[in-house]
Amino acid sequence: MYNNISGFKTLGCDGLKDNMKRSTINFTDVKGGRASYRHTTIVEGEREDEQFYVAELKAQLLAEAPKLIDAANPTLAETRACKEYVKNTYCALVGDNVRYMRNALNNVASGTFAFLFSLGCFTHLLDLLCEDLAKIPELFLLLKSCMTLI
């Protein structure tokens, strides 16, 4: 999908509950203003914490790396060929703004992958801002009156 678009990709991830109430993580690739679905991980019996997300993010970064070694092995990040692949393919990581996700993003974007930068999802940030604004009594009344007109 991205062969005709120059530049680097951004790896995005977002956690949610699916229709069966399972914790699910969707991964996307973004390049040139276009996003494409990449992978879904269903979290079963594992704790969603910083270390879990670090392992998932690294596995996704390396999933398409040269198949010189097993892509499921986290130590893959230490190989020169795989590091070069990621360096030539990705520039950023984006994820939820929850603390363990921010910590995981920062963890991955340091050490072996120090050439990456990480940021929280602007859409999630905007949603939180709107929720906080709606808690201001004057704005709440204004929003409520606008909604009854629509």
Side-chain angles (χ1 to χ4, degrees), residues 1-5 7-65 67 69-78 82-83 85-137 139-144 146-148 150:
M1 172 175 187
Y2 298 118
N3 294 340
N4 297 328
I5 302 172
F8 294 98
K9 292 194 266 186
T10 296
L11 177 65
C13 64
D14 189 15
L16 62 133
K17 299 280 188 209
D18 68 9
N19 59 353
M20 296 172 60
K21 307 281 190 242
R22 298 177 299 187
S23 291
T24 306
I25 309 164
N26 286 328
F27 290 92
T28 56
D29 277 336
V30 181
K31 185 176 181 182
R34 297 181 183 186
S36 67
Y37 169 80
R38 180 183 176 83
H39 177 78
T40 296
T41 297
I42 296 173
V43 183
E44 296 190 66
E46 297 174 73
R47 183 166 179 226
E48 287 183 84
D49 60 9
E50 177 183 347
Q51 292 311 106
F52 174 81
Y53 275 94
V54 165
E56 287 293 316
L57 286 162
K58 285 183 177 181
Q60 287 304 310
L61 284 170
L62 297 165
E64 297 172 4
K67 303 299 182 201
I69 30 187
D70 181 9
N73 183 348
T75 59
L76 187 74
E78 304 305 319
C82 293
K83 180 180 174 183
Y85 166 80
V86 173
K87 188 174 186 176
N88 292 323
T89 306
Y90 289 94
C91 65
L93 303 169
V94 176
D96 290 346
N97 291 307
V98 295
R99 181 169 301 196
Y100 60 82
M101 174 59 79
R102 295 289 310 142
N103 289 342
L105 293 169
N106 291 332
N107 182 320
V108 173
S110 63
T112 303
F113 299 116
F115 50 85
L116 294 174
F117 69 94
S118 68
L119 43 134
C121 178
F122 182 74
T123 303
H124 287 120
L125 184 63
L126 186 59
D127 175 61
L128 293 171
L129 177 63
C130 289
E131 287 178 27
D132 286 347
L133 288 172
K135 291 176 186 173
I136 298 171
L139 287 177
F140 175 76
L141 292 173
L142 177 65
L143 291 170
K144 188 174 180 182
C146 291
M147 284 190 258
T148 55
I150 295 175

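Keep in mind the model is a prediction, meaning the values are calculated, not measured.
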> Atom NZ in K31, atom CG in L11: separation rounded to 0.5 Å?
Replying inline: 14.0 Å
> Do you know which two heavy atoms are closest between E48 and S23, and how far apart they sit?
Replying inline: OE2-OG, 2.9 Å
> For Y53 and N103, does a side-chain donor sit closer than 3.5 Å to a side-chain acceptor?
Replying inline: no
>> For a 4.5 angstrom cut-off between non-hydrogen side-chain atoms, does N26 reach L16?
In response: yes
>> Assess the residue pair T112 and K83 against the criterion (side chain to side chain contact (heavy atoms under 4.5 Å, CB included)); give the C-alpha distance rounded to whole Å, side-chain angles, the decisive distance to 0.1 Å, and a yes or no.
In response: CA-CA 7 Å; T112 303; K83 180 180 174 183; 4.1 Å; yes
> Is the backbone N or O of N107 less than 3.5 Å from a side-chain atom of S110, with the two atoms forming a donor-acceptor pair by type?
Replying inline: yes
> K58 and F113: side chain to side chain contact (heavy atoms under 4.5 Å, CB included), yes or no, with the steps?
Replying inline: CA-CA 9 Å; K58 285 183 177 181; F113 299 116; 4.0 Å; yes
> If you take all heavy atoms of G15 and D96, which pair is closest and at what distance?
Replying inline: N-OD2, 3.3 Å
> Would a 4.5 Å heavy-atom cut-off, applied to side chains only, mark C91 and T10 as touching?
Replying inline: yes
>> Show, in sequence, the C-alpha distance, side-chain angles and deciding distance for I25 and F52, and conclude whether the side chain to side chain contact (heavy atoms under 4.5 Å, CB included) test is met.
In response: CA-CA 11 Å; I25 309 164; F52 174 81; 3.3 Å; yes
>> To the nearest 0.5 Å, what is the distance between CZ on R38 and SG on C13?
In response: 11.5 Å
>> For a side chain to side chain donor-acceptor pair (under 3.5 Å) check, start with the C-alpha distance between K17 and T24, then their side-chain angles and the critical distance, and finish with the verdict.
In response: CA-CA 6 Å; K17 299 280 188 209; T24 306; over 6 Å; no
> In Å and rounded to the nearest 0.5 Å, what is the OG1 to CG distance from T40 to D14?
Replying inline: 10.5 Å
> Which heavy-atom pair separates V30 from A35 by the least distance, and what is that distance?
Replying inline: CG2-CB, 4.0 Å
> Just how far is it from atom CZ of F117 to atom OH of Y90, taken to the nearest 0.5 Å?
Replying inline: 14.0 Å
> Below 4.5 Å, heavy atoms only, C-beta onward: do Q60 and H39 meet side chain to side chain?
Replying inline: yes
> Passes side chain to side chain contact (heavy atoms under 4.5 Å, CB included), T41 versus F27? Steps please.
Replying inline: CA-CA 8 Å; T41 297; F27 290 92; 3.8 Å; yes
>> Distance check, rounded to the nearest 0.5 Å: K9 atom NZ versus N88 atom CG?
In response: 12.0 Å
>> Would you say S118 and N106 are linked by a side-chain donor-acceptor pair, where the criterion is simply a distance under 3.5 Å?
In response: yes
>> Once rounded to the nearest 0.5 Å, what's the spacing between atom CG of L116 and atom CG of L93?
In response: 5.0 Å
